[in-house]
Amino acid sequence: SNSGSGARPRSKGPTRILFSFCCLAMPLGGKALKKREQNANEKAGIVTDDQKLRKQATAKADVKCSICMQTFKVTAKNADQKAHAESKHPKSTFEACFPDLQA
């Protein structure tokens, strides 16, 4: 037994770690490239971020009160707009506040 000489065979541990690190690190290169491309496009005014595009596509339209110019999201029942018209502008009708919407 040569316990003091330090001539034991090399363990395969570090090689495995390096190999797995190498394989894990490579896909991140594509991510960085995509991010750089998105940032360049953003400066040019082009939106390429999928989440932002999805939010824009599903965003509800805005409607403004024609009297006080407060904005509201258009919904199925427009409850906020009705409550606003009744409480803030009791002398006016819902149609006067929001001519674009049907009650």
Side-chain angles (χ1 to χ4, degrees):
S1 83
N2 49 4
S3 61
S5 67
R8 56 179 232 259
R10 250 181 89 204
S11 73
K12 293 181 181 176
T15 317
R16 276 197 203 122
I17 292 170
L18 273 173
F19 175 72
S20 63
F21 173 74
C22 172
C23 290
L24 287 173
M26 280 308 286
L28 297 177
K31 248 185 185 176
L33 191 68
K34 186 178 179 186
K35 194 70 184 158
R36 275 190 220 111
E37 196 177 289
Q38 281 183 352
N39 288 339
N41 284 344
E42 200 173 308
K43 285 179 185 168
I46 305 164
V47 178
T48 52
D49 187 2
D50 294 338
Q51 278 187 317
K52 284 185 184 174
L53 288 172
R54 256 185 268 131
K55 279 184 182 173
Q56 287 174 0
T58 59
K60 292 178 181 166
D62 283 347
V63 65
K64 276 188 181 180
C65 171
S66 58
I67 297 169
C68 65
M69 296 300 161
Q70 186 174 346
T71 58
F72 296 90
K73 295 284 181 205
V74 176
T75 58
K77 294 182 180 176
N78 295 318
D80 291 342
Q81 291 89 322
K82 288 175 186 166
H84 172 81
E86 287 170 13
S87 65
K88 300 291 179 186
H89 314 295
K91 293 176 185 165
S92 301
T93 62
F94 176 82
E95 287 74 21
C97 289
F98 304 101
D100 301 337
L101 297 177
Q102 294 87 357

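Throughout, residue positions are numbered sequentially from 1 according to the sequence presented.
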What pairs of donor and acceptor atoms, side-chain ones from residues 38-46 against any protein atom, are under 3.5 angstrom apart with sequence neighbours left out?
{"from": "Asn39", "atom 1": "ND2", "to": "Lys35", "atom 2": "O", "distance (Å)": "3.4"}

Quiz prompt | Joint hydrophobic cluster, Ile67 plus Phe72, side-chain heavy atoms closer than 4.5 Å | solution = no
Quiz item: Do Val74 and Leu101 pass the side chain to side chain contact (heavy atoms under 4.5 Å, CB included) test, and can you show the C-alpha distance, the side-chain angles, and the key distance before you say yes or no?
Solution: CA-CA 9 Å; Val74 176; Leu101 297 177; 4.2 Å; yes
Quiz item: With Asp62, which residues qualify under side-chain hydrogen bond (donor to acceptor under 3.5 Å, both in side chains), at least two apart?
Solution: Lys73
Quiz item: What distance separates Asn78 CG from Phe98 CZ, expressed to the nearest 0.5 Å?
Solution: 8.5 Å
Show me, pair by pair, the donor-acceptor contacts under 3.5 angstrom made by side chains of residues 84-91, not counting sequence neighbours?
{"from": "His84", "atom 1": "NE2", "to": "His89", "atom 2": "NE2", "distance (Å)": "3.2"}
{"from": "Ser87", "atom 1": "OG", "to": "Ala83", "atom 2": "O", "distance (Å)": "2.9"}

Quiz item: Crowded around Gln70 CD? As in, over 12 foreign heavy atoms under 6.0 Å?
Solution: yes
Self-check item: Minimum heavy-atom distance between Pro99 and Ser66, given as atom pair plus value
Solution: CD-OG, 3.9 Å
